[in-house]
Amino acid sequence: NAGVTQTPKFRVLKTGQSMTLLCAQDMNHEYMYWYRQDPGMGLRLIHYSVGEGTTAKGEVPDGYNVSRLKKQNFLLGLESAAPSQTSVYFCASTRQGSNQPQHFGDGTRLSIL
Amino acid sequence: GNSVTQMEGPVTLSEEAFLTINCTYTATGYPSLFWYVQYPGEGLQLLLKATKADDKGSNKGFEATYRKETTSFHLEKGSVQVSDSAVYFCALSDQGGATNKLIFGTGTLLAVQP
């Protein structure tokens, strides 16, 4: 009964380093999303995917790339980390169709020094 | 574009007090509206939703009514408990079922004291 699993849970990077955050869901959901959560700003959509092999930009995509090579996985990459990318990152997934609720992972806390 | 505005927190209440968290929205068309809750150290969970005007969503003693005339979706609970302490997010669907994207408010921290 895993739902949405994010790895890692915590990470500290130095400016300029790269890393990939992994999101895996076991609910056979078609749609997946990456958000960042910052104090006083709620959740902002970075990128999303409506199916395997497809991705699209959200509200704040700059500095991030994503891939959806398998339906159950959605990867978020930071090619050259910057202190402004210090945040808590959440992955979510949902079924196709109107009014479907999103299911969230527990988040990845990322600090860029 | 579409947007959601929530009352700022934190909201501090005593146990068994009445809770209201205000949420208003701006949207074209007829979006669905949601309340999500985030407990400390966890991701967001759906609390309730309403898909059309005058619908009332309810769950765990919480209620919210979709008011198109006032573009509001206020969250209420008659008697809060310490275990309700969390951050509450109002959200609306953006582009409907084509993407199921959500637009979130900034969140309201609720602290319930025994």
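Chain letters run A, B, ... following the sequence lines, proteins first and then strands; every chain starts at 1. Side chains are part of it too, since the values below use all heavy atoms of this structure and drop only hydrogens, waters and symmetry mates.
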Practice item. Assign the ring pair B:Phe34 / B:Tyr36 to parallel, tilted or perpendicular, where the plane angle (0 to 90°) is split at 30° and 60°. Key: tilted

**Prompt:** Going by atom types only, do A:Tyr48 and A:Tyr35 share a side-chain donor-acceptor pair under 3.5 Å?
**Reply:** no

With no hydrogens and no angle check, do the side chains of A:Ser87 and A:Asp38 hold a donor and an acceptor under 3.5 Å apart?
yes

If you tally heavy-atom pairs under 4.5 Å between each of A:Gln102, A:His103, A:Gln100 and chain B, the highest tally belongs to A:Gln102

Test ring pair (Phe, Tyr, Trp, His ring centres under 6.0 Å) on B:Phe62 and B:Tyr88; report intermediate values, then the result. CA-CA 11 Å; B:Phe62 292 89; B:Tyr88 292 82; 5.6 Å; yes

In terms of heavy-atom pairs under 4.5 Å with chain B, the winner among A:Arg109, A:Gln37, A:Met41 is A:Gln37

ask   = Do the side chains of B:Leu47 and B:Val87 join up, straight or via other hydrophobic residues, at under 4.5 Å, putting them in one cluster?
value = no

So, the part of A:Leu45 with a heavy atom under 4.5 Å from chain B: the answer is side chain

So, the part of B:Gln38 with a heavy atom under 4.5 Å from chain A: the answer is side chain

How are the rings of B:Trp35 and B:Phe73 set to each other: parallel, tilted or perpendicular (split at 30° and 60°)?
parallel

If one checks every heavy atom of A:Glu59 against chain B at 4.5 Å, the contacting part turns out to be neither

The interface call for A:Arg95 against chain B, heavy-atom contacts under 4.5 Å, is backbone

Greatest number of non-hydrogen atom pairs under 4.5 angstrom with chain A, of B:Gln45, B:Gln6, B:Glu8, B:Lys49, falls to B:Lys49

